[in-house]
Amino acid sequence: MTGKCRIWRSMFMRWLCRIGRAKQRLIEERCAELILSDEQLREVCQRLLVEINRGLNKDTNKEATVKCFPTYVRELPNGEECGKFLALDLGGTNFRVLLIDLGPHVFHMESKIFAVPQSVMLGPGTGLFDHIAECLATFMHENQVDVSPLPLGFTFSFPCSQEGLTKARLATWTKGFKCSGVEGEDVVKLLQEAIARRGDIKIDVMAVLNDTTGTLMACAWKNPACRIGLILGTGINACYVERLENVQLWDGDHDDPKQVVINTELGAFGDNGTLEFIRTEYDRTIDQHSLNPGRQLFEKMISGMYMGEVTRLVLAQLTREGLLFDGMGPETLFEPGQFFTKYVSEIESDKKGEYTCCRQVLEELGYDDASDEDCANVRFICEAVSRRAAHIAAAAVACLLNKMGQKHVTVAVDGSLYRFHPHFHDLMVEKIRQLINPGLTFDLMLSEDGSGRGAALVAAVAVRIGGLAAR
Ligand code: ADP
Ligand code: MG
């Protein structure tokens with residue numbers, strides 16, 4: 001290269017760098033609304049506390065967005081539960097049937113995943129419950145447990161108003177389900193009717209619960225400090241152990257223990273406008289195109305069903321503005337639902353400065369020639385979206401910890417978003433520490449398969465403390 005060429009080349013490179021840095025700065029500016037200050041997160045905590053108290057209060061519960069349903073689960077496991085139990089787990093990506101053999105501090109589990117076709121998820125309720133009963137019957141025949149009736153725990157992870165341990169009326173469908181004729185109905189009754197229609201199996205439904213309660217129970221079985229269950233999967237939700245004196249809604253007896261697990265259904269936080277101060281145009285677009293517009297607004301900013309889509313909307317918008325991929329980008333980026341939440345985890349698992357996974361994801365999307373600069377910017381955007389999700393989830397946990405005021409609480413967490421995102425746990429721990437009241441301590445514990453094991457444990461505790469009378 002001649003001297004003149006070298007000078008031209010170096011000027012050109014400097015110019016490119018300057019454009020790159022300018023673009024980066026503009027991307028940072030465009031993403032600023034996704035970065036929440038501690039002050040904003042404290043405000044989220046405070047507003048959530050107001051909504052939880054409105055949910056717990058008899059006079060305000062009707063209009064409350066965070067419904068705080070008492071679950072009728074009041075005793076936690078003590079490790080001595082034993083016997084064989086069936087469990088059903090419906091309410092997310094997979095539907096499962098489980099057979100759980102509990103002994104003192106040991107358990108054995110057989111399970112099978114069954115698909116729930118989209119047509120069933122959106123069809124009539126009888127079709128859904130017939131499908132569930134058919135899968136249960138198949139499983140029971142295969143595992144030869146169809147002779148005498150076994151106790152069953154039914155994990156049904158949608159907002160339900162409970163009227164007893166085995167009576168739960170669906171308040172509203174969420175997370176992609178919309179079967180007709182189920183809202184307002186008792187889902188245990190619908191299950192029992194479907195089983196009766198078949199006539200080939202017998203079960204004894206001991207409890208209906210949601211996955212948060214299952215997660216709490218599964219963790220409490222091993223760890224008595226566990227007092228909160230948190231789901232970060234398809235949806236987000238949390239439950240916690242509340243003193244009966246704080247639950248005006250409670251219509252059961254006031255015997256010991258004077259506590260009950262509250263299913264907050266905090267995914268609906270923000271449905272009355274309280275989160276508008278942090279929601280963005282991306283959150284509004286997601287909501288407008290969802291099956292349940294105006295509902296579950298907190299969930300739509302965080303959970304696995306939506307986080308990939310929030311990321312895609314930011315990537316697509318900044319590409320349109322010419323700040324990414326030289327304004328072109330992969331076509332799939334402009335198609336709803338094509339950027340999965342797991343891509344965010346993959347992109348963020350690259351070591352800083354390396355882009356192997358990022359390139360793989362972009363290739364999967366049909367884009368082969370991403371520059372390092374593009375990859376760095378894509379990662380920056382993924383981090384902004386996932387950090388926001390982790391921080392507002394942390395604000396919710398901090399709100400519960402502050403409300404409970406117990407010196408040390410273990411939080412049981414389940415869900416693929418928490419489990420597989422490489423930084424979610426650390427981001428949450430760091431932020432919760434900053435948001436909780438002085439003197440409180442906590443830990444986040446992965447509670448594996450709460451929705452299966454927990455269902456068996458709730459059923460087992462019901463059997464232990466009084467069998468059928470507990471229902
Ligand atoms: P569910 O909540 O339905 O019981 P999961 O806990 O498996 O099921 O959560 C499913 C959600 O997790 C999906 O919405 C999916 O997008 C998300 N997900 C799956 N894999 C990953 C991953 N590697 N990183 C982040 N999110 C993931
Ligand atoms: Mg689950």
Side-chain angles (χ1 to χ4, degrees), residues 87-98 109 111-116 118 121 153-159 173-177 209-219 229-239 263 265-267 286 290-292 296 299-313 336-350 357-358 360-361 364 379 382-383 385-390 393 412-428 444 446-458:
L88 294 176
D89 176 13
L90 179 80
T93 310
N94 292 312
F95 164 58
R96 294 180 314 155
V97 185
L98 305 98
M109 185 169 96
S111 72
K112 188 165 176 180
I113 291 178
F114 294 89
V116 181
Q118 185 96 0
M121 286 167 81
F154 181 16
T155 302
F156 183 78
S157 304
F158 299 96
W173 284 117
T174 55
K175 298 182 285 191
F177 278 73
L209 59 146
N210 77 9
D211 48 0
T212 50
T213 309
T215 298
L216 168 60
M217 295 294 270
C219 180
L230 174 70
I231 297 292
L232 288 163
T234 305
I236 173 172
N237 191 14
C239 71
N263 167 23
E265 287 295 341
L266 55 71
I286 296 251
S290 67
L291 269 179
N292 51 352
Q296 301 292 106
E299 176 160 280
K300 287 171 186 165
M301 296 176 83
I302 301 172
S303 75
M305 183 163 174
Y306 307 100
M307 210 180 79
E309 186 66 0
V310 178
T311 314
R312 184 192 72 80
L313 287 171
Q338 292 308 303
F339 193 90
F340 309 131
T341 302
K342 70 173 177 140
Y343 290 161
V344 178
S345 296
E346 283 163 19
I347 289 167
E348 290 190 51
S349 358
D350 273 328
C357 296
C358 185
Q360 258 165 24
V361 168
E364 223 169 287
R379 181 181 175 129
C382 289
E383 282 175 349
V385 174
S386 65
R387 195 190 312 111
R388 182 183 74 148
V413 196
D414 198 3
S416 294
L417 174 58
Y418 174 81
R419 191 183 298 230
F420 298 121
H421 186 282
H423 311 297
F424 225 81
H425 171 89
D426 291 349
L427 286 165
M428 282 186 71
L444 299 188
L446 180 67
S447 172
E448 300 228 32
D449 194 27
S451 43
R453 222 150 27 111
L457 280 163
V458 176

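Nothing fancy with the numbering, it's 1 onward along the sequence. Only a predicted model underlies this, so the values are computations on that prediction, with no experimental measurement involved. Indexing begins at 1, ligand by ligand and atom by atom, following the structure's order.
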Q: Going by side-chain contact (heavy atoms from CB on, under 4.5 Å), name the residues that satisfy it together with Ala390, two or more places apart in sequence or in a different chain.
A: Phe424, Leu427, Met428
Q: Does any N or O in the side chain of Ser447 come within less than 3.5 Å of the main-chain N or O of Ala218, such that one atom is a donor and the other an acceptor?
A: no
Q: Can you tell me if Ser303 uses its side chain to pair, donor with acceptor, with the backbone of Thr234 under 3.5 Å?
A: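 Present.
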Q: Give the residues near ligand 1 by chain and number, with the criterion being a heavy-atom distance under 4.0 Å.
A: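 Correct list: Gly92, Thr93, Gly233, Thr234, Gly304, Met305, Thr341, Lys342, Ser345, Gly415, Ser416, Leu417, Phe420.
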Q: With sequence neighbours left out, what residues match Glu383 under side-chain contact (heavy atoms from CB on, under 4.5 Å)?
A: Glu348, Lys352, Arg379, Arg387
Q: Using residues 448-458 as the side-chain source, report each donor-acceptor pair under 3.5 Å to any protein atom, sequence neighbours left out, with the distance given to one decimal.
A:
from, atom 1, to, atom 2, distance (Å)
Glu448, OE1, Arg419, NH1, 3.0
Asp449, OD1, Arg96, NH1, 3.2
Asp449, OD1, Arg96, NH2, 2.6
Ser451, OG, Asp89, OD2, 2.9
Arg453, NH2, Glu448, O, 2.7

Q: Measure from the side-chain N and O atoms of Thr341 to the backbone N and O of Gly308, and report whether any donor-acceptor pair falls under 3.5 Å.
A: yes
